[in-house]
Amino acid sequence: MMMIRKKMLAAAMVCATVWNAAGVPVPAAEAASEAVRYEFEDGVFSDCENNEGIAWEQVDEDAEGNPCDMTGWSGDGFAYIDDKDSSVALTVNVEADGLYALNISYIQCFGKPSKIQYLYVNGESQGEISFPFNSKEGWTLLDAGYVNLKKGENEIKIVSYWGYTFFDYLTVTEAPDDIANLSPTPSLCNPNATQATKNVYAYLRSVYGKGILSGQQEYCGSHCYNKNAYESQGLPINYFESNEQEFDYIMEKTGKEPAIRGIDFLFYNTTQPYFDDAPERAVAWYKEKGGIPTVSFHWNVPTEKGSSTTAFYVESTGNTPFTTFSITKALEEGTWENEVLMKDLELLAEQFQKLADADVPVIFRPLHEAEGAWFWWGAEGPEPCKQLYALIQDTFTEKYHFNNIIWEWTASPYATSAQWYPGNDRVDLIGNDKYNAVNYQPNPSAIAATFYSLVASADGQKMVAMSENDTIPSVDKLMESKAGWLYFCPWYGNFLTDLNDPAELKKIYNSDYCITLDELPDWDTYEPELPDDGTKPTATTTSTTTTTATTTTATDDTTHSDDAKKGMLGDANCDETVDISDVIAIARLAAEDAELAVTTQGRINADCNFDGSLTANDAVRVLQYIAKLLTKEEFESGQ
């Protein structure tokens, strides 16, 4: 939740005073609801070693070989779940249907860096909660995300996955109203995005929360075994001729094709390269099929210095082969790891150049699942991972001028996830890789708690997608839980065929809520309303053309040019209307609220006095204009 700083509070008070002076009724500020506490020792236990509350004062030996102090609990004791599938459940009461925030007081002293447990609400899986090791910190209150609860009694259950965690109490609080208001930023993080890329992004925004785009990850490898024959005869290559078992299966079961195709650039490395036409398929999916490509990159690197064998898993996963490749050393010039990394990045850029030359917008999610630490790019913590993400993005946008990328970060809904986030200024979409089929059985849950936790993690500014998954959420669960996932994209093979009920697959693909390939717009003629973000459309970048980065209409936040005044004065959030939300945004800008992300054009629009600064007086002028104390001419004159 946002902390209101003194300067911001002062600005808000000025705004409130003028608003009341205008004779316009102002609703009383809605006080945050008080948290209601429930003690876990009063819960219902199942398959635990201790099927009742306990009150141990100490654990003799934690994961580091030290004693763990357990004193300081509330109530009569606490709960302990241990082996897989053991659980503890609480019954909570709420006064109305809606979204609620959960917080859990816990101690986890047996596993580093964390232990993951399942969260269920009223018998339905909501995703996972990660409990970091906190042996020396005592009872810690953990943000467990947001869940939909119905009026009256609800069951909140924690089921052991990695187990061995102590729980003191649970609190339930009404969620902020704006969490459910899905209103992502209208502009891409790259201000020089091509027109085609802006159009695709605008389309995604137009359907977000109203429907879900269907997607499917393809199998890696060539999808045209007769490519040489086509080329020798001078015929067009059909890049979707072979190896299309997932897409054939979907067509057979549903009569439809997915709107989004997931493509992995897995083989594109300089150590053990194999060119399977992945970039060509991305181009063809957009140009020939009219679909949207999304690209991931399982980045294979040498298993060790000088090796011709590659891997992306690290040793701790138990996978073979594994790599000892260090991301920290790869970011240091002069190391063999850095040499490999930069050569690979150059090769990867050659593939993305093919998409840029063809003016193909692409959703790119580099360094996915970094938080899991099973890939080399996440094995050494968040800081080097974020540095590598920035290096990839800056290289692609500044050196190669790839302005056709929609940047997606694959995140988890954990308390530690914020440490990994590259920042709203570097991310367009947030993805989550959902694998929650329990005991290899389909799990059609919409995991609404995960969805809303990820929405909140970026202050509602980013669309949230199911970037990979096993079971597709059922259309009934999606509608019931109001989990507005942007798209789903099952992994290939048995993740699609074994973990999705064919009847449910047909049902969602043929529902009004699901968007399939045939329902996408014609990208050649699609002309959405685009926000005035202070930039001009950027020409397509090709290998023979250098595109100059487009600049905004003002060189900084304190200077107005004539062009800048052509924006909508007072429209701080650039939604093409001037209303109370702009007043709030300007007040937060005046208070130097670092949590608020506003475009350069938004800041220009917010300077309603044209004095080169943002103060509470700018918010006051917008209030006066809304209350009709200023005419449009007076407002726009700055006088």
Side-chain angles (χ1 to χ4, degrees), residues 188-201 218 220-224 227 230-231 236-237 239-240 260-301 338-368 388-408 426 428-429 523-524 537-550:
L188 291 154
C189 63
N190 179 0
N192 302 314
T194 64
Q195 190 67 37
T197 307
K198 289 181 178 181
N199 288 352
V200 169
Y201 182 77
E218 66 168 31
C220 294
S222 174
H223 286 243
C224 181
K227 178 183 176 182
Y230 284 117
E231 288 180 327
I237 299 171
Y239 286 107
F240 309 116
I260 294 176
R261 186 182 185 99
I263 301 169
D264 193 348
F265 281 17
L266 168 75
F267 298 118
Y268 289 84
N269 63 84
T270 55
T271 306
Q272 199 178 52
Y274 166 62
F275 301 106
D276 67 345
D277 298 319
E280 286 79 6
R281 287 195 300 280
V283 170
W285 187 253
Y286 177 81
K287 287 292 188 179
E288 298 174 15
K289 303 283 282 187
I292 301 171
T294 177
V295 168
S296 57
F297 183 37
H298 280 90
W299 196 337
N300 272 304
V301 292
N338 181 259
E339 182 180 357
V340 170
L341 185 143
M342 298 311 294
K343 285 182 177 179
D344 281 1
L345 201 52
E346 183 178 355
L347 177 63
L348 187 65
E350 291 175 7
Q351 312 317 310
F352 271 86
Q353 188 69 63
K354 298 172 185 177
L355 279 71
D357 289 347
D359 196 17
V360 172
V362 59
I363 299 170
F364 180 36
R365 54 186 195 99
L367 311 183
H368 70 294
L388 180 54
Y389 181 95
L391 174 64
I392 296 169
Q393 188 174 67
D394 291 345
T395 300
F396 276 22
T397 56
E398 296 175 12
K399 178 179 180 180
Y400 293 103
H401 305 293
F402 295 154
N403 297 321
N404 59 319
I405 296 175
I406 297 172
W407 293 88
E408 182 171 20
R426 288 191 174 275
D428 296 312
L429 308 177
W523 302 118
D524 290 334
T538 304
T540 303
T541 303
T542 68
S543 56
T544 57
T545 303
T546 300
T547 301
T548 302
T550 306

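These numbers come from the heavy atoms of this one structure, side chains and all, not from hydrogens, waters or symmetry mates. Along the sequence shown, residues carry numbers from 1.
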Measuring from [X]:[atom1] to [Y]:[atom2], what's the distance to the nearest 0.5 Å?
X      : Y      : atom1 : atom2 : answer
Phe396 : Gln353 : CZ    : CD    : 10.0 Å
Glu350 : Tyr400 : CD    : OH    : 7.5 Å
Asn300 : Tyr274 : CG    : OH    : 14.0 Å
Arg261 : Thr294 : CZ    : OG1   : 12.5 Å
Glu218 : Asp264 : CD    : CG    : 8.5 Å
Asn269 : His298 : CG    : NE2   : 13.5 Å

ask   = Between Asn403 and Asn192, does any side-chain donor sit less than 3.5 Å from a side-chain acceptor?
value =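 Short answer, no.
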
inquiry  = Side chains of Gln195 and Lys198: any donor to acceptor distance under 3.5 Å?
reply    =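 There is no such pair between these side chains.
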
task = Carefully, step by step, assess Leu429 and Ile406 under the rule side-chain contact (heavy atoms from CB on, under 4.5 Å).
result = CA-CA 7 Å; Leu429 308 177; Ile406 297 172; 3.9 Å; yes

So, for [X] and [Y], which heavy atoms are closest and what is the spacing to 0.1 Å?
X      : Y      : answer
Arg281 : Ser222 : NH1-CA, 4.3 Å
Lys343 : Thr270 : O-CG2, 3.6 Å
Cys220 : Leu266 : SG-CD2, 3.9 Å
Tyr286 : Asp359 : CE2-O, 3.8 Å
Leu355 : Pro279 : CD1-O, 3.7 Å
Pro361 : Val200 : CG-CG2, 3.8 Å

Would you check if [X] and [Y] make a side-chain contact, meaning some heavy-atom pair closer than 4.5 Å?
X      : Y      : value
Trp407 : Leu188 : no
Pro293 : Val360 : yes
Thr271 : Val301 : no
Asn190 : Ile405 : no
Asp277 : Lys227 : yes

ask   = Would Leu341 and Leu388 satisfy side-chain contact (heavy atoms from CB on, under 4.5 Å), going step by step from the backbone distance to the final call?
value = CA-CA 10 Å; Leu341 185 143; Leu388 180 54; 3.7 Å; yes

message = If you apply the rule side-chain contact (heavy atoms from CB on, under 4.5 Å), what do you find for Gln393 with Phe364, and how did you get there?
response = CA-CA 10 Å; Gln393 188 174 67; Phe364 180 36; over 6 Å; no

query = Does the side-chain contact (heavy atoms from CB on, under 4.5 Å) test come out yes or no for Phe402 and Val362, once each step is laid out?
reply = CA-CA 10 Å; Phe402 295 154; Val362 59; over 6 Å; no

Is it the case that the ring center of [Y] lies less than 6.0 angstrom away from the ring center of [X]?
X      : Y      : value
Phe352 : Phe265 : yes
Tyr239 : Trp285 : no
Tyr268 : Phe275 : yes

message = Between Trp299 (side chain only) and Leu367 (backbone N and O only), is there a donor and an acceptor less than 3.5 Å apart?
response =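 No: the side chain of Trp299 does not pair with the backbone of Leu367.
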
Test item: Thr194 side-chain N/O and Asn404 main-chain N/O as donor-acceptor pair under 3.5 Å =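 Flag not set: sc Thr194 to bb Asn404 has no pair under 3.5 Å.
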
message = Counting only heavy atoms not in Glu346 (residues, nucleotides, ligands), do more than 12 fall under 6.0 Å from its CD?
response =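 At most 12 heavy atoms, drawn from other residues, nucleotides or ligands, come within 6.0 Å of this atom.
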
query = Should we say atom NZ of Lys399 is surrounded by more than 12 heavy atoms from elsewhere, each under 6.0 Å from it?
reply =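 Open.
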
ask   = Can we say Arg426 and Asp394 salt-bridge, meaning some charged N sits less than 4.0 Å from an Asp/Glu carboxylate O?
value =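 Yes, this pair counts.
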
